[in-house]
Amino acid sequence: MTDSHSERPDPRSAGTDAALPYSLLDLAQVGHGETVRESLRYSEELARYADDHGYRRLWYAEHHNMPAIASAAPAVLIAHMAARTSRIRLGAGGVMLPNHSPLAIAEQYGTLAELHPDRIDLGLGRAPGGDQSVFRALRRNPAASEHFPNDVVELLRYFSGTGVDGVRAVPGSGTEVPLYILGSSLFGAQLAAATGLPYAFASHFAPQALERAIEVYRRDFRPAPTGDGGESEPYLMVAATVIADDDPDRAAAELHRSKVQRIKMLFNRGRDLTDAEAEMLLDGPQGAQVNEMLRYAAVGTPDQARAQLADFAAQTNADELILAPLANDREVWMGTVAHLAPQP
């Protein structure tokens, strides 16, 4: 792999910004009253800032048919942001591989890798990134997720230059674009371990299996050959929701607003919930579910959030933290990224 892990710090020394790499997941949220164009301009501002202030990588996740999220086409976002930055790694966190043929993805990300050498990542998930209607619209079948492990191996062959059944990815062949397995269950941990690939756990919204998945990944990891003639090592990335502001009450208010929005998105049952109706659900089982989704949220003043992240890193023995800024207020959202930046 071109993204060598040999330079990473010892995760057992984690606990400070300097000891542990921080990366970002930009959910490309479309805020209340914003157009998609306006929201993407904010994403560009975030990319430029992250590039200048020491974040290791910036990822975008594939979502479909979600009016509040503008990341349906991660490769397009990556191309745009890569042309406007110079250092930071950019990637998909991730591409929902059952929605695509491995060859098409190898060609897309191989093209990006040729245009921006040693800066492109490819995180892979097996979720659909939408509902059954989305699958039909994409001309895909839900059973495609059953082929996910084989599709990952096929991608590795395309990027290595081996090809599949006489077919080569051009561009893509020989680029060795680094792959990352994403997951929120034991399946992803097992696959990442079996293939010797890095593993990124989606603990920012699905924390239930985190501890068990980490155990399985580290216990069952089997090294794989790397492009430089060596062998891969386990590399664990964990994600946390973050909201940091000099006013802790403002940070807490943004967390509350985000919970209300999540209630409205998850439990609308085919109709638009009012804020008042969502507030009522926060006190019930729906609210408990949302609170559980946000179990690993670092919220408060910058010092408080950094301390919570340090505790999370120590708890998981992670090699890298992926921060997912959540605030609806763009000032708080961008301020969070600034407050938690690895470098001033």
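Annotation: Arg222, atom CZ; neighbour count of heavy atoms from other residues, nucleotides and ligands within 6.0 Å does not exceed 12. Around atom CD of Gln315, more than 12 heavy atoms belonging to other residues, nucleotides or ligands sit under 6.0 Å away. By the 6.0 Å contact criterion, CZ on Arg219 is enclosed, its count of non-hydrogen atoms from other residues, nucleotides or ligands being greater than 12.
By the side chain to side chain donor-acceptor pair (under 3.5 Å) test, Arg140 pairs with no residue at all, sequence neighbours left out. For Tyr158, the side chain to side chain donor-acceptor pair (under 3.5 Å) partners at least two apart in sequence or on another chain are Glu154.
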* Assess whether side chain to side chain donor-acceptor pair (under 3.5 Å) is satisfied between Arg57 and Tyr180, documenting all intermediate values. => CA-CA 13 Å; Arg57 67 186 92 237; Tyr180 300 76; 3.0 Å; yes
* To do: Determine, stepwise, if the pair Thr226 / Asp228 fulfils side chain to side chain donor-acceptor pair (under 3.5 Å).
  => CA-CA 5 Å; Thr226 57; Asp228 59 5; 2.4 Å; yes
* To do: Under the side chain to side chain contact (heavy atoms under 4.5 Å, CB included) rule, what do Thr301 and Asp245 come out as? Steps first, then yes or no, please.
  => CA-CA 5 Å; Thr301 66; Asp245 192 83; over 6 Å; no
* Report the C-alpha distance between Arg257 and Glu254 in whole Å, list the side-chain angles of each, state the deciding distance to 0.1 Å, and finish with yes or no for salt bridge (Lys or Arg N to Asp or Glu O under 4.0 Å). => CA-CA 5 Å; Arg257 285 181 62 193; Glu254 282 300 311; 3.0 Å; yes
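There is a path of hydrophobic side-chain contacts, each under 4.5 Å, that joins Val36 to Leu77. In terms of hydrophobic clustering, with Ile, Leu, Val, Met, Phe, Trp and Tyr side chains grouped at heavy-atom distances under 4.5 Å, Val216 and Leu197 are assigned to different clusters.
Using a 4.0 Å cut-off between a side-chain N of Lys or Arg and a carboxylate O of Asp or Glu, Arg250 and Asp329 qualify as a salt bridge. Ion pairing between a basic and an acidic side chain is recognised when a charged N comes within 4.0 Å of a carboxylate O; Asp319 and Arg218 show such pairing. A salt bridge between Glu215 and Arg212 is present, with a side-chain N of the basic residue lying under 4.0 Å from a carboxylate O of the acidic one.
Using a 4.5 Å heavy-atom threshold, the side chains of Phe205 and Leu326 count as separate. Residues Asp272 and Lys264 form no side-chain contact, since every pair of their non-hydrogen atoms from C-beta on lies 4.5 Å or further apart. Contact of the Asp246 side chain with the His339 side chain is registered, since non-hydrogen atoms from C-beta on lie closer than 4.5 Å.
Of the candidates Leu138, Asp151, Val95, Val95 is the only one forming a side chain to side chain contact (heavy atoms under 4.5 Å, CB included) with His100. When Arg48, His80, Arg119 are each tested for a side-chain hydrogen bond (donor to acceptor under 3.5 Å, both in side chains) with Thr85, only one passes: Arg119.
For the residue pair Glu62/His64, the side-chain donor-acceptor check at 3.5 Å is satisfied. Looking only at atom types and distance, the side chain of Asp121 has a donor-acceptor partner in the side chain of Trp59 under 3.5 Å away.
Rounding to the nearest 0.5 angstrom, the gap separating the CG atom in Leu46 from the OG1 atom in Thr336 is 10.5 Å. Between the OH atom in Tyr296 and the CZ atom in Phe312 there is a gap of 6.0 Å [rounded to 0.5 Å].
Both the sub-6.0 Å distance and the 45° axial angle are satisfied by Arg126 relative to the ring of Phe187.
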Show which side-chain atoms of residues 159-173 pair as donor or acceptor with protein atoms under 3.5 Å away, not counting sequence neighbours.
{"unit_1": "Ser160", "atom_1": "OG", "unit_2": "Leu156", "atom_2": "O", "d": "3.3"}
{"unit_1": "Ser160", "atom_1": "OG", "unit_2": "Arg157", "atom_2": "O", "d": "3.0"}
{"unit_1": "Ser160", "atom_1": "OG", "unit_2": "Thr162", "atom_2": "N", "d": "3.3"}
{"unit_1": "Ser160", "atom_1": "OG", "unit_2": "Thr162", "atom_2": "OG1", "d": "2.9"}
{"unit_1": "Arg168", "atom_1": "NH2", "unit_2": "Ser173", "atom_2": "OG", "d": "3.1"}

